[in-house]
Asks: 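Have a look at the structure that comes next, please.
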Amino acid sequence: MSREFPIGLTPPDWLVRNLQSQPAPVNWAAMARAAIAMSLPLAIGLAVGNVEYGALASMGALSGVIGDTADAYRMRILNIAVPQLFGAVGITVGALVFGQGWLAVAVVTAVALVSGMISTIGAVASVSGLLLLLNSVVGAGLPMPGEWWLAPLLMTGGGLLVLVLALLAWPLRSGVPERSAVADAYRTVATLMSACGTEAYDEARHTVTQSLNQSYDLILARRTRHHGRSPDLTRLLAQLNAITPVVEAAPAAHVTGEPLPPEVTEAVRHLAEAVETGYTGPIALNLPTPTSETTRAVDHALRHAAEVVRTPDVDPAGVDDRLGRPAALRVRAARATRNVALSAASWRYGLRLALCIGVAQVLVSILPVPRSYWVALTITFVLKPDFGSVFSRALLRALGTVAGLVIAAAVLAEVPRGWWDVPVMLALAPLIPALTPRGYGYQTAAITPVILLLSDILNHQGTALLMPRLLDSLMGCAIALVAGYLLWPESWHTRVGDRLAKAVDDTAAYVESAFGRDPTDPPARARMRRRLYRDLSVIRTEFQRALTEPPPTGRRAAAWWPLVVAVERIVDATTAARVRTKHGAPLPSAAEVTQVVMQLRELADGVREAETLYAVRTDLTGPAGSVLEPLRQEVAAARAIASPR
């Protein structure tokens with residue numbers, strides 16, 4: 001009798017998550033800009049007989065294409081122009097130490113330290129640090145044609161070409177991306193209201209948080225430069241603030257377990273259309289008559305939002321920035337510099353990156369590696385703190401490189417050098433913005449053939465570039481995994497628990513601000529609530545990142561998920577209780593508030609001290625009809641969660 005051996009052919013969950021394509025809309029405008037910005041310099045270089053100069057400009061355009069991710073035109077200036085300046089510094093520094101042996105190793109390693117530290121400031125600084133190091137590595141490993149100033153000029157010019165193309169429609173569409181962002185926030189709120197009382201509520205609320213974060217960041221980033229004098233931005237900010245009471249009423253509606261009337265969802269969608277079109281006429285909501293504290297809260301919030309949306313002129317003095325208006329650029333720059341210099345986290349990341357780059361530079365100085373700078377380039381892309389898991393990016397980098405090399409092999413083997421490079425670039429360049437949102441592996445697969453085509457224009461080595469590229473990429477991934485991942489326990493230990501503990505502590509402060517003896521004023525409480533939801537959104541992102549790690553990190557992270565959801569429900573229950581009291585429900589007693597706050601702080605202490613979750617006592621009692629009863633139930637549920645042992 002034959003025996004069957006169970007053979008597990010199903011890939012592990014962490015690998016499936018790494019390889020999954022992320023859904024993303026096709027950005028046809030970005031694809032067109034990439035095609036023009038990367039092929040036009042090549043065509044000009046061929047026309048004037050200096051194709052090498054055109055290739056350098058196309059390399060600069062590549063960095064501009066990667067940074068071309070913002071919707072608002074003013075944000076595009078920051079996202080593209082500022083990193084180009086850092087890239088120009090990088091290529092200059094690298095070119096100055098080209099062929100200088102150990103001096104080049106020391107300089108590039110020092111640049112890696114600086115790059116890593118400034119990358120912790122924010123998104124624009126992260127891309128700037130990336131380009132600073134990337135171009136330093138390229139300049140130190142590849143001879144640049146012409147005078148020392150020509151290469152940075154050409155590469156910066158290529159990046160700025162992307163910016164010029166991105167700003168062409170600004171005179172015709174000024175303010176449109178901001179209005180669209182606010183209208184999209186309204187639409188996500190409409191979806192949230194339709195999800196109240198259903199299992200889809202949690203995911204819908206998370207989507208609302210992300211949309212509000214994006215909208216506030218966009219509006220406030222512009223408004224800080226206008227100092228509140230722009231009537232359009234003031235009106236948009238007022239409209240964004242006006243949807244906040246609707247969002248706050250959603251948890252109260254969800255707690256009841258009953259779905260809201262469809263007229264509520266339709267009313268929010270109607271407001272979204274008015275925001276997007278700039279309509280200022282009468283708005284008929286056709287809402288049903290409210291019959292409870294919850295429905296009164298929803299009705300009041302929607303009518304207030306409708307009044308704000310239809311108001312053409314808003315007094316800037318009456319519009320508060322719910323998240324706090326950003327400080328002046330000079331103040332923020334000084335604060336960022338101080339934080340970077342004194343932050344242990346920025347020093348740790350800078351040292352990690354410098355160690356990996358230093359190891360790579362030493363290794364390629366000892367071993368005969370044909371394209372030594374590719375090793376450091378791989379490390380630079382893989383070892384980014386805000387781009388996801390180092391392990392995941394190393395894996396996807398290797399797989400994406402292999403896929404890209406297949407395309408590059410066909411191009412280098414079959415396409416003759418010269419004018420044929422222009423239509424090939426026209427076809428390959430749009431793949432970068434098309435595939436980048438789908439995941440890092442897809443981005444790598446799109447960038448690899450473009451880089452190899454430009455390298456072949458500069459070096460004329462054809463398919464001989466393929467194997468060195470593969471070996472250098474694998475070598476860089478290995479160095480990043482060992483020196484930048486395995487040697488640093490913080491990189492493969494999940495930080496979900498620490499961040500959750502802080503969120504629970506902040507929730508306790510939120511409860512005190514809402515129901516304590518000295519309640520906080522509504523704008524300050526709204527800012528506190530928004531920051532709480534923003535922090536919980538970051539925790540979700542960290543959780544998703546941890547799930548892409550191999551065991552045991554992924555398994556440990558998965559154990560925290562029930563508590564992540566529980567803490568989100570606690571914040572929702574607190575908001576719902578506050579909304580109910582505002583619309584007629586009796587205030588809770590001071591003893592009730594003190595008990596809930598104490599339980600939350602005990603929960604935070606337990607989460608902070610434990611590697612794994614454990615059950616704690618859940619004896620929360622109080623008046624059954626109190627507005628805090630749902631909150632007590634959520635706190636008890638959170639405290640009762642235990643991890644499998």
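Because the structure is predicted, anything quoted here is derived from the model rather than measured.
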Asks: Would you check if Leu500 and Ile539 make a side-chain contact, meaning some heavy-atom pair closer than 4.5 Å?
Replies: yes

Asks: Would you mind writing out the side-chain donor-acceptor pairs for residues 92-117 within the sub-3.5 Å range, not counting sequence neighbours?
Replies:
residue : atom : partner : partner atom : Å
Thr92   : OG1  : Ala88   : O            : 2.8
Thr109  : OG1  : Val105  : O            : 2.7
Ser115  : OG   : Gly129  : O            : 2.5

Asks: Do Met38 and Leu428 make a side-chain contact, defined as non-hydrogen atoms from C-beta onward lying under 4.5 Å apart?
Replies: no

Asks: I need the Leu133 CG to Ser128 OG distance, nearest 0.5 Å.
Replies: 12.5 Å

Asks: Show the nearest heavy-atom pair for residues Pro430 and Ala35, with the distance to one decimal.
Replies: CG-CB, 3.7 Å

Asks: Quick check for you: to the nearest 0.5 Å, what is the distance between Asn213 atom CG and Gln210 atom CD?
Replies: 7.5 Å

Asks: Begin from the C-alpha positions of Leu134 and Val138 and carry the test side-chain contact (heavy atoms from CB on, under 4.5 Å) through to its verdict.
Replies: CA-CA 6 Å; Leu134 283 178; Val138 171; 5.6 Å; no

Asks: Do any N or O atoms from the side chain of Asn135 and from the backbone of Gly90 form a donor-acceptor pair under 3.5 angstrom?
Replies: no

Asks: Taking C-beta and beyond as the side chain, do Leu62 and Ile432 meet within less than 4.5 Å on heavy atoms?
Replies: yes

Asks: Which is it for Asp506 and Arg531 under the salt bridge (charged side-chain N to carboxylate O under 4.0 Å, His left out) test, yes or no, and what are the steps along the way?
Replies: CA-CA 9 Å; Asp506 291 343; Arg531 289 192 184 99; over 6 Å; no

Asks: Find out whether Leu465 and Trp374 are in side-chain contact, i.e. whether some heavy atom of one side chain is under 4.5 Å from a heavy atom of the other.
Replies: yes

Asks: Please tabulate, one pair per line, all N/O donor-acceptor pairs under 3.5 Å involving side-chain atoms of residues 405-413, not counting sequence neighbours.
Replies:
none

Asks: Nearest heavy-atom pair of Ala37 and Ala61: which atoms, and what distance?
Replies: O-CB, 3.4 Å

Asks: First locate atom CD1 of Ile80, then atom CG of Asp68, and finally report the distance between them rounded to the nearest 0.5 Å.
Replies: 4.5 Å

Asks: Taking atom OH of Tyr440 as the centre, does the number of heavy atoms from other residues, nucleotides or ligands within less than 6.0 Å exceed 12?
Replies: yes

Asks: Would Leu130 and Ser119 count as a side-chain contact (heavy atoms from CB on, under 4.5 Å) here? Give the steps.
Replies: CA-CA 7 Å; Leu130 176 69; Ser119 292; 5.7 Å; no

Asks: Identify the heavy atoms of Leu218 and Pro177 that sit nearest to each other, and give their distance.
Replies: CD2-O, 4.1 Å

Asks: With sequence neighbours left out, write down each residue that passes side chain to side chain donor-acceptor pair (under 3.5 Å) with Asn27, or none if nothing qualifies.
Replies: none

Asks: What closest approach, in Å, do Thr69 and Ile66 show between heavy atoms, and which atom pair accounts for it?
Replies: CG2-O, 3.6 Å

Asks: Nearest 0.5 Å, please: how far is CD1 in Ile91 from OG in Ser136?
Replies: 7.5 Å

Asks: Mind checking whether Asn459 and Leu142 have side chains closer than 4.5 Å, heavy atoms only?
Replies: yes

Asks: Does the side chain of Leu536 reach to within under 4.5 Å of the side chain of Val567, using non-hydrogen atoms?
Replies: yes

Asks: Pair Met144, Leu56 - check side-chain contact (heavy atoms from CB on, under 4.5 Å), show working.
Replies: CA-CA 9 Å; Met144 294 290 114; Leu56 282 176; 4.0 Å; yes

Asks: Can you name the closest pair of heavy atoms from Arg352 and Gly484 and give their distance?
Replies: NH2-O, 2.6 Å

Asks: State, yes or no, whether a side-chain contact exists between Val375 and Leu363 at a heavy-atom distance under 4.5 Å.
Replies: no

Asks: Does Ser211 reach the main-chain N or O of Thr207 with its side chain, forming a donor-acceptor pair under 3.5 Å?
Replies: no

Asks: Under a 4.5 Å cut-off applied to non-hydrogen side-chain atoms, are Phe86 and Ile118 in contact?
Replies: yes

Asks: Among pairs that include at least one residue of residues 435-463, which meet salt bridge (Lys or Arg N to Asp or Glu O under 4.0 Å), considering only residues two or more places apart or in two chains?
Replies: Arg417-Asp456

Asks: Calculate, to the nearest 0.5 Å, the distance between atoms CD1 and SG belonging to Ile379 and Cys356 respectively.
Replies: 5.5 Å

Asks: Can you list, pair by pair, the side-chain donor-acceptor contacts under 3.5 Å of residues 145-161, counting residues two or more places apart and other chains?
Replies:
residue : atom : partner : partner atom : Å
Thr156  : OG1  : Pro152  : O            : 2.7

Asks: Rounded to the nearest 0.5 Å, how far does CG of Leu163 lie from CD of Gln84?
Replies: 8.5 Å

Asks: Taking all atoms of both residues into account, what is the closest heavy-atom pair of His206 and Ser537, and its distance?
Replies: CE1-OG, 3.6 Å

Asks: Quick one: side chains of residues 445-454, donor-acceptor pairs under 3.5 Å with protein atoms, not counting sequence neighbours, listed by atom name and distance.
Replies:
residue : atom : partner : partner atom : Å
Thr448  : OG1  : Thr444  : O            : 2.7

Asks: For a side-chain contact (heavy atoms from CB on, under 4.5 Å) check, start with the C-alpha distance between Ile357 and Gln361, then their side-chain angles and the critical distance, and finish with the verdict.
Replies: CA-CA 6 Å; Ile357 294 295; Gln361 293 294 95; 4.1 Å; yes

